[in-house]
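One structure below.
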Amino acid sequence: FIALVAGFGLFFKSLKEIYRNIKLGRAIDRSDNPSLRWKTMGKVALGQSKMVKRPIAGFLHILVYVGFVIINIELLEIIVDGIFGTHRFLAAVLGHSLYSVFTATLEILAILVVIAVVLFFIRRNFYGIKRFQMKELFGWPKNDANWILVIEFALMMAFFKMNAADWVLQQRGVFPEHGNFPISSNLLGPIFQNFSDNLLMITERGAWWFHFIGILFFMNYLYYS
């Protein structure tokens, strides 16, 4: 709860600063063509239409953008579980079958995000794409982009680690069986089978905390990005 308040407190402080900066501009009448304005904002800001002009980068960007946003729906579950001491509370809300579909979908999206950010990192640093060699992108812009890719990769791996440890504990009867984890159970499950229950609990909690604090950090880092 303390981390949550601190993280969102800093985030809203940043939003206030952005709003203050916007208010420095001169007021103009933008009430004309409301439908066109809303359509353009939806297409450019939410739909990220500028990115899809380049097919490869656009496709990878959509994977990261859509996947990362949907995956963080689980942040609601993480917050509720953290504050109230529950474990996967959405399983009770959605029911076993629907929750299994939900968790499996998140896992598939997460592995697509991992693949996309790895490809982005390689393209940006090792592929020699002309626009990335411009001097304006050296220094902070390049480091900033790389940091975002590394953070997203680390958050997704923590997500898999948390699910894999949870899955093994479910198989052992420590946790009730909730969810379907097709990626993490196959990717990390065999490794975690050799862990003791106590070490698995530490692994699951550690990954849970890393993912939670990481999301709060990432949310606030975007202000400076």
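In terms of modelled atom types and a separation under 3.5 Å, the side chain of Arg124 and the main chain of Lys142 share no donor-acceptor contact. Between the side chain of Glu107 and the backbone N or O of Asn180 there is no donor-acceptor pair closer than 3.5 Å. Formation of a donor-acceptor pair under 3.5 Å by the Ser225 side chain with backbone atoms of Tyr221 is not found in this model.
If you take CD1 on Ile215 and CZ on Phe159, they are separated by 10.5 Å, rounding to the nearest 0.5 Å. Here the straight-line distance linking atom CG of Leu75 with atom CZ of Phe212 works out to 7.0 Å at 0.5 Å rounding. Here the straight-line distance linking atom CG of Leu112 with atom CG of Leu63 works out to 5.5 Å at 0.5 Å rounding. One finds the CZ atom of Phe160 at 11.0 Å from the CG atom of Asn186 (value rounded to the nearest 0.5 Å). Between atom CG of residue Leu106 and atom CD of residue Glu74 there is a gap of 5.5 Å, rounded to the nearest 0.5 Å. The CD1 atom of Ile70 sits 10.5 Å away from atom OH of Tyr65, with the distance rounded to the nearest 0.5 Å.
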Checklist entry - Does the pair Asp32 and Arg37 meet the rule for a side-chain contact (heavy atoms from CB on, under 4.5 Å), with working shown? => result CA-CA 8 Å; Asp32 62 311; Arg37 290 181 180 278; 2.9 Å; yes
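Pairs of residues two or more places apart, or lying in two chains, that qualify as side chain to side chain donor-acceptor pair (under 3.5 Å) and include a residue from residues 195-220 are Arg172-Asp197. Counting only residues at least two apart or in different chains, side chain to side chain donor-acceptor pair (under 3.5 Å) contacts with residues 145-158 comprise Asn125-Asn146. The list of side chain to side chain donor-acceptor pair (under 3.5 Å) pairs with a residue in residues 91-103, not counting sequence neighbours, reads Glu77-Tyr99, Arg88-Tyr99.
Under the 4.5 angstrom side-chain criterion for Ile, Leu, Val, Met, Phe, Trp and Tyr, Phe138 has no cluster partners at all. By the 4.5 Å side-chain criterion applied to Ile, Leu, Val, Met, Phe, Trp and Tyr, Ile202 is assigned to no cluster and stands alone.
Residues Pro141 and Glu136 form no side-chain contact, since every pair of their non-hydrogen atoms from C-beta on lies 4.5 Å or further apart. Proximity of Leu200 to Val174: side-chain heavy atoms (C-beta onward) are nowhere separated by under 4.5 Å. No side-chain heavy atom of Lys161 sits less than 4.5 Å from a side-chain heavy atom of Phe210. Considering only heavy atoms from C-beta on, Leu10 stays 4.5 Å or farther from Met219 through its side chain. A heavy-atom distance below 4.5 Å is found between the side chains of Leu94 and Phe102.
Phe59 and Val44 fall into different hydrophobic clusters, where Ile, Leu, Val, Met, Phe, Trp and Tyr residues are linked whenever their side-chain heavy atoms come under 4.5 Å apart, directly or through other members. There is no path of hydrophobic side-chain contacts, each under 4.5 Å, that joins Phe11 to Tyr19. Side-chain heavy atoms closer than 4.5 Å link hydrophobic residues (I, L, V, M, F, W, Y) into clusters, and following such links, possibly through other members, connects Ile73 to Ile83. Follow the hydrophobic side-chain contacts under 4.5 Å out from Phe120 and you reach Val118 in the same cluster.
For Ile151, the side-chain contact (heavy atoms from CB on, under 4.5 Å) partners at least two apart in sequence or on another chain are Leu155, Phe217, Phe218. By the ring-ring contact (aromatic ring centres under 6.0 Å, His included) test, Phe8 is found to be paired with no residue, residues two or more places apart in sequence or in another chain being considered. Taking Leu119 as the reference, Leu60, Ile115 meet the side-chain contact (heavy atoms from CB on, under 4.5 Å) condition, with sequence neighbours excluded. Contacts of Ser35 classified as side chain to side chain donor-acceptor pair (under 3.5 Å), with partners at least two apart in sequence or in another chain: none. Phe175 is linked by a ring-ring contact (aromatic ring centres under 6.0 Å, His included) to His87, counting only residues two or more places apart in sequence or in another chain. Not counting sequence neighbours, Phe121 has no partner by the ring-ring contact (aromatic ring centres under 6.0 Å, His included) test. Listed by chain and residue number, nothing satisfies the ring-ring contact (aromatic ring centres under 6.0 Å, His included) test with Phe153 (two or more places apart in sequence, or in another chain).
Counting non-hydrogen atoms of neighbouring residues, nucleotides and ligands closer than 6.0 angstrom, the CG atom of Leu24 exceeds 12 such neighbours. Annotation: Arg20, atom CZ; neighbour count of heavy atoms from other residues, nucleotides and ligands within 6.0 Å is above 12. Within 6.0 Å of the CH2 atom in Trp38, the count of heavy atoms belonging to other residues, nucleotides or ligands does not exceed 12.
Scanning all heavy atoms of the two residues, the minimum distance from Pro190 to Ser185 falls at CD-O, 3.4 Å. The two residues Phe89 and Asp81 make their nearest non-hydrogen contact at N-OD1, 3.3 Å. Residues Ala164 and Gly189 approach most closely at CB-N, 4.3 Å, considering heavy atoms. The two residues Ile111 and Ile108 make their nearest non-hydrogen contact at CG2-O, 3.1 Å. The two atoms that bring Ala116 and Val64 nearest to each other are CB-CG2, 3.5 Å, heavy atoms only. In terms of heavy atoms, Val101 sits closest to Thr105 at O-OG1, 2.7 Å.
Looking only at atom types and distance, the side chain of Gln170 has a donor-acceptor partner in the side chain of Asp166 under 3.5 Å away.
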